[in-house]
Amino acid sequence: MTRTIPGAAAFDGRRVGVLGLGMSGRASLEALRQHTGAVLSAWDAKPEARSAYSELEGIADPDPTCLMDALLGWNPDLVIIAPAFRQTGPEWAALRSAGIEVWSEIELAWHMRAANDGAFAPWLCITGTNGKTTTVTMTESILKAAGLRGRAIGNVGTPAVTAVSDLSDDAPAAFALELSSFQLAATYSMEPTASICLNFADDHLEWHGSREEYRKAKARIYHHAHVACLYPVGDANVQSMVDDADVVHGARAIGLSMGVPSVGQIGFVHDAVADRAFTANRHVHAEVLFDLADIEHLAPEGNLPVHIAKDALAAAGLTRAIGVDPAAVREGLRSFSGGHHRIETVAVVDGVRYIDDSKATNAHAAEASVRAIDGAVWIVGGLAKGARFVDLVAKVKDHLRAVVVIGTDQEPWREALDGVGVPVHYVDTDAQAPMNDAVAAAYAFARSGDTVILAPACASMDQFVSYADRGDKFAAAANELGGGHADS
């Protein structure tokens, strides 16, 4: 068995600049250093980020106000750009104007794939406004159950370029990639074996500049697909992406249905998921992949949210596209434990359950979680990213006991919650410990049998380091509760 990186030689002598030295930037530099003969440079406005790469060309003390002038003066052939740089920002504009290729770390990873005796591990690619992380980790669990040493990479876990360039004997034999619109916007060559856009709703418009640019980035998930383009039946936005995709000859559109599947679909027959897409004799026969009982351990308070069932359906479909046996699908879902900060019960206090769904950073995700609960004391707020929440509140108001609003961007919530008919508490935007204050307010509102859920529908970086930090602080505050409830 010989593992090689066939694409590595194409970088020899090329001048490659890495712009932004976060996790993906550092991983890109290390992979290029280790496996290629590229001429490298690293670019970041923060001196502490550059310090580890002091030996590289052009890195010495660039003035942050003219970082791009310095980078362009280095005359790169190619720039690997971090997702922190907006598509509408001056960095993209300057690189395009100069005619320089702009790649994401995912595009680099595609060129840096290791081959095992000439064969590449398949890529199963996932995007969407909501549900990506649950689906990609479910897919990983199924791949492991199938004996493929599968790994979830991309926007979760190990950087893609690090994982796919692994030359060790125990390297993964299949990859599940969570891909954000930020990554897809500069990804061009990727040829997934199978891919899916789980759903599509307005998000990150300030990064892309328009809804059409956001949609275009998401739609890249289907381009050059080899075996299957999976899509949720009835979602016209996503189905149009599949219809427009330039795929490899022979790739099929596979519908995922919440009802009884037609030929070429996977869907539900009572409480079982049946495959009429990849099974033999699919015109007259369906093969059972799993039952709802296999994922009921993922249900908060015993009520399985619809989106969890949809995510399991997507993971099953992706793995079936590479021939995974139904028994491995079932076993992978049974052994899947979910992840931190996604509908995770972190405490039960005085008969009240506290659920951390800090990963619900947009309205679509928050709606799905709150609608699965009756008697919800809902903690919301953060960076709204230009979103409005009137429609969201209208959809979930019948499930609410009360609402607590955190974050520095509270005006959209004041608009949405005006007249909602339940108590609302706004945490001071200058609070030193906003999550402690929010949990204390939620505790006062909640009654035995209720659920306090952190499903913010907003980004976290106004008051927290990340969504994970926000969720950790919620869990800590919930576990430190004391005192009595207010009458409400």
Side-chain angles (χ1 to χ4, degrees), residues 3 5-8 10-11 16-36 38 40-44 46 48-53 56 78-85 101-115 120-127 132-137 139-140 143-144 148-168 170-192 195 207 217 220-221 339-341 359 465-468:
R3 296 185 65 84
I5 300 178
F11 292 92
V16 181
V18 175
L19 178 58
L21 294 175
M23 182 182 293
S24 65
R26 297 193 302 272
S28 297
L29 274 173
E30 293 308 315
L32 288 163
R33 269 176 157 176
Q34 182 178 355
H35 300 299
T36 79
L40 300 174
S41 190
W43 301 86
D44 196 292
K46 300 182 182 69
E48 61 273 20
R50 302 192 307 268
S51 61
Y53 306 100
L56 298 182
L78 166 67
V79 169
I80 313 298
I81 194 166
F85 294 98
E101 287 187 86
V102 180
W103 286 10
S104 67
E105 179 239 332
I106 301 302
E107 176 70 12
L108 176 64
W110 182 256
H111 292 270
M112 294 289 291
R113 292 168 297 143
F120 295 103
W123 283 25
L124 306 177
C125 297
I126 301 151
T127 194
K132 296 185 295 294
T133 301
T134 302
T135 303
V136 79
T137 48
T139 304
E140 177 188 59
L143 292 173
K144 288 180 176 178
L148 294 173
R149 302 186 306 278
R151 183 178 296 177
I153 60 174
N155 202 37
V156 60
T158 305
V161 72
T162 303
V164 304
S165 60
D166 185 355
L167 295 174
S168 66
D170 60 351
F175 295 101
L177 287 91
E178 176 185 328
L179 301 178
S180 71
S181 59
F182 304 162
Q183 294 164 315
L184 287 166
T187 299
Y188 320 104
S189 306
M190 181 180 74
E191 298 184 12
S195 55
W207 195 96
R220 289 184 187 275
I221 201 81
H340 293 309
H341 316 299
K359 277 207 67 136
V465 174
S466 63
Y467 76 81

Counting distance only, does the side-chain N/O of [X] pair as donor-acceptor with the main-chain N or O of [Y] below 3.5 Å?
{"X": "Gln183", "Y": "Ser180", "answer": "yes"}
{"X": "Glu105", "Y": "Ala160", "answer": "yes"}
{"X": "Thr162", "Y": "Ala27", "answer": "no"}
{"X": "Thr127", "Y": "Leu179", "answer": "yes"}
{"X": "Arg220", "Y": "Ala217", "answer": "no"}
{"X": "Arg50", "Y": "Asp44", "answer": "yes"}

Discussion item. For a side-chain contact (heavy atoms from CB on, under 4.5 Å) check, start with the C-alpha distance between Tyr188 and Trp103, then their side-chain angles and the critical distance, and finish with the verdict.
Written reply: CA-CA 8 Å; Tyr188 320 104; Trp103 286 10; 3.9 Å; yes
Practice prompt. Mind checking side chain to side chain contact (heavy atoms under 4.5 Å, CB included) for Pro122 and listing every partner two or more places apart, or none if nothing turns up?
Written response: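 Once residues adjacent in sequence are excluded, the partners of Pro122 under the side chain to side chain contact (heavy atoms under 4.5 Å, CB included) criterion are Ala174, Thr193, Ile322.
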Practice prompt. Could you tell me how the ring of Trp123 sits relative to the ring of Phe175: parallel (under 30°), tilted (30 to 60°) or perpendicular (over 60°)?
Written response: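 Aromatic pair Trp123/Phe175 classed perpendicular.
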[Y] side chain reached by [X] side chain, heavy atoms, under 4.5 Å:
{"X": "Met112", "Y": "Phe11", "value": "yes"}
{"X": "Val16", "Y": "Thr36", "value": "no"}
{"X": "Pro192", "Y": "Ile221", "value": "no"}

Which atom names give the shortest non-hydrogen contact between [X] and [Y], and what distance separates them?
{"X": "Ala82", "Y": "Gly20", "answer": "CB-CA, 4.0 Å"}
{"X": "Cys125", "Y": "Met190", "answer": "SG-SD, 3.8 Å"}
{"X": "Phe120", "Y": "Ala114", "answer": "CD2-O, 3.5 Å"}
{"X": "Leu21", "Y": "Ala49", "answer": "CD1-O, 3.4 Å"}
{"X": "Gly150", "Y": "Leu143", "answer": "CA-CB, 3.7 Å"}
{"X": "Arg3", "Y": "Ser168", "answer": "CD-O, 3.2 Å"}

Atom [atom1] in [X], atom [atom2] in [Y]: separation rounded to 0.5 Å?
{"X": "Lys359", "Y": "Ser466", "atom1": "NZ", "atom2": "OG", "result": "10.5 Å"}
{"X": "Ile126", "Y": "Thr139", "atom1": "CD1", "atom2": "OG1", "result": "4.0 Å"}
{"X": "Ser189", "Y": "Ile106", "atom1": "OG", "atom2": "CD1", "result": "12.5 Å"}
{"X": "Glu107", "Y": "Glu101", "atom1": "CD", "atom2": "CD", "result": "8.5 Å"}
{"X": "Tyr53", "Y": "Leu29", "atom1": "OH", "atom2": "CG", "result": "5.0 Å"}
{"X": "Leu167", "Y": "Gln34", "atom1": "CG", "atom2": "CD", "result": "7.0 Å"}

Worksheet item: With respect to Leu40, which candidate in Leu32, Ile80, Val18 satisfies the side chain to side chain contact (heavy atoms under 4.5 Å, CB included) definition?
Response: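 So the option named by the test is Leu32.
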Worksheet item: Could you go step by step and tell me if Val136 and Asn155 meet the side-chain contact (heavy atoms from CB on, under 4.5 Å) rule?
Response: CA-CA 10 Å; Val136 79; Asn155 202 37; over 6 Å; no
